[in-house]
Amino acid sequence: MIRTHTAGSLRKEHTGQQVTLAGWVARRRDHGGVVFIDLRDASGVAQVVFREEDHAHDLRAEYCVKVVGEVRRRPAGNENPDLPTGEIEVVASEVEVLSESAPLPFPIESRVDVSEEVRLKYRYLDIRRQQIANAMRIRSKATYLTNEVMNELGFVYVETPTLTRSTPEGARDFLVPVRLQPGNWYALPQSPQLFKQLLQVAGLERYYQLAKCYRDEDLRADRQPEFTQIDIEMSFVDQEDVIEVAERLVARLWKEIAGYELPTPLPRLTYAEAMARYGSDKPDLRFGQELVDMTEYFSATSFRVFQAEYVGAVVMPGGASQTRKELDAWQEWARSRGAKGLAYVLVQQDGTLGGPVAKNLSDTELSGLAAKVGAQPGDAIFFAAGLPNPSRDLLGAARLEIGRRCGLIDESQWSFLWVVDAPMFEPVHDEVGREIGWTAVHHPFTGPKPEWADTFQDNPGQALAYAYDMVCNGNEIGGGSIRIHRAEMQQRVFDVLGISKEEAETKFGFLLEAFKYGPPPHGGIAFGFDRICALLAGGESIRDVIAFPKTASGYDPLTGAPTPITPEQRKEAGVDARPKA
RNA sequence: GGUCCUGUAGAGCAGUUUGGAGUGCUCGCCACCCUGUCAAGGUGGAGGUCGCGGGUUCAAGUCCCGUCAGGACCGCCA
C-alpha cells in the first residue's frame, strides 16, 4: 500500500508518528501562510496542515493526493470535537498529487440537494458523498448478514439462470435474441419462482439466493427494471416454518444495522381485516385514523350517494379548518385516483356539522355521526361510498395522505406485521366491467389454505390462499406462500383460471413433469432486498441503495444505455429472424 | 396509455401572475490578499442556446402550440 495509515483511524495515540496518507482533498482552507486540507479516504477525514513552503496552495477539491507528515495534537483550543480525528492533525512534510480533478459538476462536500439526473450521470462522484457511500455500505452489510443467517439456518445458496424461458403470466419479460437459434429468444427471469420449486423437487430442501430479477413494466420511485430479491424456498414446511425463518432473517438485519429489536413473533392481520381497517393490503401501523365502516349506519339513509353496498369514513384531525380551496383539492386528488370525489363533513368547534354533504343527512344521522367515527370538534370526516374494494382503496389512500399532511407518522418508529389469508383469486373484468373469469392474486402455484383445499374451486371469490406478506412501515417488503405440490390440486387451480391442459403443458410443462417425481410439500418467500436496504438506510427511494440505478424511463445517465445497435449487430443477433411456424 | 409538477450560469434557486436590455441571490470556479481554520475570511473577475422547435407581438425567460428530458402518481407490476 502506498499509505501507512487511513485518515479516519488517526487518534491522539498516533502523536509523534510519521504517517503516509492517501485520499482526496475534501476541503481546502487557505490562510496564505498556513493551509488546512481535509483529507478524505474511505475511512473518514483527517486535517492536514501545510506551511507556506509546501505548495498546498495549488491543491484543489477532489485532487487525489499522497501526503507524508507527522501526527501531532492540535494546539490547545483548536480541537474539533465534531470530528473523530478532531484531536489531532497531520503536519505535512511532503505532498504528491496522484491525479488532478477537473472542476466538479456538483459539490461533493455539501448538503445542498442536487438533481438526481446529474448525480446519476456522475454517480462515481455521488458515491464519494458520505450519505450515498454509507448506503452502499449498509447494503453490503445486509448482504453479509443475509448470507450469515441463511447459512446458520442450513440453507443452500443456488444460482439460477438469468437467460431462461419466457413465462407468459405476470409482468412483461425482457427478451434476449439468440444468435445460435435465430427467431428464438431467452427471457430474463421475473423471479426464480419455477427454479426454486424445481430445487425442492431436487431434494435440496432449503434453498436461498440473492437473485437479480427483471420486469419490463413502468417504473416508480420504488421500482427498477432490474432489482434484487432474497429468494427463499423450503421443503416439508407449513406457513409457520417460513414465517419463523423470515422473522429470524429480518430480526437480524434490523438488530445489526438499525439497532432495533424486532418484536417477534410479529403481529398478524388477515387481508380482510387490513382492508377493512386500513384500506390497504400493506397498512402503515405507525398511526391510527382507522377506517370506519358506515354501511350499517347509513342503511336507511335518504342520501342517494350513501345508498351503496359500502360506505366508509376516515377522520382528518383538524381538517375542519381547511379552506374551500384545500377541500376542493381533496376532490381533485380523489378524481386523479379514479374516484368520483371524496364526500366530507366538517365538525365545527361548536359540534355542529358543516359541508355540502351535511344538509343531505337526517338529524338522526347527523347527531350520532361524530361519535360513531370518533371525530372531535375541528376534525373533517371523509367518506367513500360504492363497491367495497375501490371505496376502501380510496379511503386507505386518503388515510395515508392524512397521515402525511397532518404529521401523524412517527418516522423514528418501526412497524412490522404479517398480512395473511389473502384471497386466492380475483375476478377478471372485460372492457364493460363484466366478470369473465378469475386470475391468481399471487401466482398459479400458490396453495389454498388447508380449510379450502377441497372446496376452493366451488367458491373462487371466497377462497383464501396459503400466503403471507411481511409489511414494514406501509411497504410490502416480502411475500410468499405454501405451494401446490399435487398434480390433482394444481389441475383444479388451472381449471378455475381457465388454463387448459394443453396450455398448462405448453407454459409450465417442465414444472408439471417434475412434479410427477415425488415433489415434497414446500413453500417459501421472497424479500425485496432493495426496499429493505432503502428502509435500513433511511432513504425514500430504492435508487439510493443501488450503485448504478436507472431513471423512470429506464435510461442510465452514466453509460447512456440503452443504445441503438448497428445493422451488423442486428443481423447477427437474429432480431428480425422469422420463427419457424 | 393517462394526469400533474419541473426545466434560467458548473450546482441550488428567484424572476413567468401583469410581455419591455440576461435582472438577481447563495454556493462553486479563476486571480490576488491573508499564520489556526474546520461550511474559514476579504477584494476583484469570468461564466447564459432562459431544455428544444414553431407561433402571436413593435418586443417573449414571461403568452399559445408542439416536442424532449427529469420527477410524482394512476393504469400496469402473477
Side-chain angles (χ1 to χ4, degrees), chain A residues 26-39 45-53 57-58 60-62 74-83 85-86 89 91 101-122 125 167-173 190-191 193-194 213-225 227 329 332-339 390 393-394 397 400-401 422 424-426 428 438-446 465 467 476 479 481 493 497 499 507-508 526 528 540-541 543 550-553 555 557:
Chain A
R27 278 208 163 87
R28 180 177 62 113
R29 292 178 293 279
D30 187 345
H31 291 244
V34 60
V35 180
F36 299 101
I37 297 291
D38 290 338
L39 186 81
V45 172
Q47 173 166 286
V48 181
V49 190
F50 294 84
R51 296 293 162 180
E52 45 195 333
E53 65 272 20
H57 180 76
D58 296 325
R60 291 292 181 271
E62 299 305 318
R74 294 193 186 188
N78 283 312
E79 302 85 357
N80 185 343
D82 298 331
L83 295 179
T85 59
E89 61 192 4
V91 183
S101 170
L104 299 164
F106 56 84
I108 288 176
E109 297 286 334
S110 122
R111 300 166 192 104
V112 291
D113 287 330
V114 179
S115 76
E116 212 169 20
E117 199 184 355
V118 182
R119 286 173 44 202
L120 294 188
K121 182 171 179 187
Y122 300 95
L125 295 180
T167 50
E169 305 285 313
R172 201 174 292 115
D173 286 317
Q190 298 172 24
S191 80
Q193 181 61 37
L194 299 178
C213 304
Y214 307 86
R215 292 179 191 173
D216 185 9
E217 294 293 343
D218 288 2
L219 304 177
R220 289 282 193 287
D222 59 349
R223 277 191 231 155
Q224 284 274 300
F227 59 97
E332 196 46 52
W333 173 88
R335 273 191 289 274
S336 75
R337 309 185 71 88
D393 285 345
L394 180 65
L400 283 179
E401 194 62 31
M424 234 179 134
F425 306 102
E426 62 187 2
V428 182
W438 300 96
T439 184
V441 170
H442 198 52
H443 57 62
F445 315 108
T446 300
E476 185 200 317
S481 64
V493 171
L497 297 174
I499 299 175
K507 289 177 176 175
F508 316 113
E540 287 296 304
S541 164
R543 290 192 289 258
K550 294 173 178 59
T551 69
S553 58
Y555 176 69

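A, B, ... follow the sequence lines: proteins, then strands. Residue 1 opens every chain.
For A/D218, there are no salt bridge (Lys or Arg N to Asp or Glu O under 4.0 Å) partners, not counting sequence neighbours. Residues meeting the side chain to side chain donor-acceptor pair (under 3.5 Å) test with A/K550, sequence neighbours left out: A/E226. A/E109 meets the side chain to side chain donor-acceptor pair (under 3.5 Å) test with A/R40; sequence neighbours excluded. Here A/R74 pairs with nothing under the salt bridge (Lys or Arg N to Asp or Glu O under 4.0 Å) rule; sequence neighbours left out. Residues forming a side-chain contact (heavy atoms from CB on, under 4.5 Å) with A/L400 (at least two apart in sequence, or on another chain): A/D284, A/F287, A/R404. In this view, A/D38 and A/R29 satisfy the salt bridge (Lys or Arg N to Asp or Glu O under 4.0 Å) rule, not counting sequence neighbours. In this view, A/R27 satisfies the side chain to side chain donor-acceptor pair (under 3.5 Å) rule with no residue, not counting sequence neighbours.
Relative to the side chain of A/Q47, the nucleotides B/C77, B/C38, B/U35 differ in distance, and B/C38 lies closest. Distances from the side chain of A/R74 to the nucleotides B/C38, B/G75, B/C32 place B/C38 closest. The side chain of A/R223 lies closest to B/C77 when the candidates are B/G70, B/C77, B/C73. In this structure, the nucleotide among B/C77, B/G70, B/C38 sitting nearest to the side chain of A/A171 is B/C77. Considering only side-chain atoms of A/E89, the nucleotide from B/G1, B/G36, B/C77 that sits closest is B/G36.
The CZ atom of A/R60 sits 5 Å away from the P atom of B/A31 (whole-angstrom rounding). One can place CD1 of A/I108 at 15 Å from C1' of B/C29, the figure rounded to the nearest angstrom. Rounded to whole Å, the distance from CG on A/D58 to C1' on B/A31 is 12 Å. Between A/E109 atom CD and B/G28 atom P there is a gap of 13 Å when expressed in whole angstrom units. Atoms CD (A/E117) and C1' (B/A72) sit 15 Å apart, rounded to a whole Å. The nearest whole Å value for the distance from the CG atom in A/D173 to the C1' atom in B/C77 is 12 Å. The separation between A/E401 atom CD and B/A72 atom P is 15 Å, rounded to whole Å. The nearest whole Å value for the distance from the CG atom in A/D393 to the P atom in B/C76 is 11 Å.
When both distances must be under 3.5 Å, the Watson-Crick or G-U wobble mate of B/A31 is B/U43. Pair check for B/G12 finds B/C25; Watson-Crick or G-U wobble, both atom distances under 3.5 Å. Across all strands shown, B/U17 forms no Watson-Crick or G-U wobble pair with both key distances under 3.5 Å. Using Watson-Crick or G-U wobble geometry with both donor-acceptor distances under 3.5 Å, B/U3 finds its partner in B/A72. Here B/G53 sits opposite B/C65 as a Watson-Crick or G-U wobble pair (both hydrogen-bonding atom distances under 3.5 Å). B/C77 is unpaired under the criterion used here, namely a Watson-Crick or G-U wobble arrangement in which both key atom distances are under 3.5 Å.
Between the side chain of A/R220 and the base of B/G71, no donor-acceptor pair under 3.5 Å is found. Taking 3.5 Å as the limit, the base of B/U35 and the side chain of A/R51 contain a donor-acceptor pair of atoms between them. Residue A/D218 places no side-chain atom within donor-acceptor reach of the base of B/C76, judged by atom type and a 3.5 Å distance cut-off alone.
When the C1' atom is compared between B/G28 and B/C13, the two are found 14 Å apart, to the nearest whole Å. For the C1' atoms, the distance linking B/U6 with B/C58 amounts to 32 Å, nearest Å. Rounded to whole Å, the P atom of B/C64 lies 29 Å from the corresponding atom of B/C25. Distance noted for atom P between B/G7 and B/G44: 32 Å (whole Å). Annotation: B/G55 and B/G10 have their C1' atoms spaced 33 Å apart (nearest Å). B/A11 sits 23 Å from B/A72 when the C1' atoms are compared, rounded to a whole Å. Comparing B/U26 with B/C73, their P atoms are spaced 35 Å from each other, to the whole Å. Only the C1' atoms considered, B/A40 is 48 Å distant from B/G53, to the nearest whole Å.
Ring centroids of A/H31 and A/F36 are separated by less than 6.0 Å, placing the two rings close together.
You'll find the side chain of A/F227 reaches within 4.5 Å of the side chain of A/R215, heavy atoms only.
Residue-level contact check: A/E332 touches neither bases nor backbone, having no heavy atom under 4.0 Å from any strand. A/S553 comes within 4.0 angstrom of the backbone, heavy atoms only, and of no base. Heavy atoms of A/P557 sit nowhere under 4.0 angstrom from any nucleic acid atom. Residue-level contact check: A/V35 touches neither bases nor backbone, having no heavy atom under 4.0 Å from any strand.
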A/L104/A/Y122 under side chain to side chain contact (heavy atoms under 4.5 Å, CB included): CA gap, chis, key distance, verdict: CA-CA 10 Å; A/L104 299 164; A/Y122 300 95; over 6 Å; no
Atom pairs under 3.5 Å, N or O on each side, protein against nucleotides 8-13 of chain B: can you list them with distances?
unit_1, atom_1, unit_2, atom_2, d
B/G10, O2', A/P105, O, 2.6
B/A11, O4', A/P105, O, 3.4
B/G12, OP1, A/S115, N, 2.9
B/G12, OP1, A/S115, OG, 3.4

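Position along RNA chain B of the nearest nucleotide to A/E217 versus A/Y555 favours A/Y555 as the more 5'-ward residue.
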Contact letters for nucleotides 40-46 of chain B, in which S counts primed atoms plus P, OP1 and OP2 and B counts the base, heavy atoms under 4.0 Å: B------
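Remark: A/R223 does not engage A/E217 in a salt bridge, criterion side-chain N to carboxylate O under 4.0 Å.
A/L219 contributes atom CG, which lies 6.5 Å from atom CD of A/Q224 (distance to the nearest 0.5 angstrom).
The local environment of CG in A/D113 is sparse, with at most 12 non-hydrogen atoms from other residues, nucleotides or ligands closer than 6.0 Å.
Close to B/G70, at under 4.0 Å from its OP1 or OP2, lies a side-chain N or O of A/T551.
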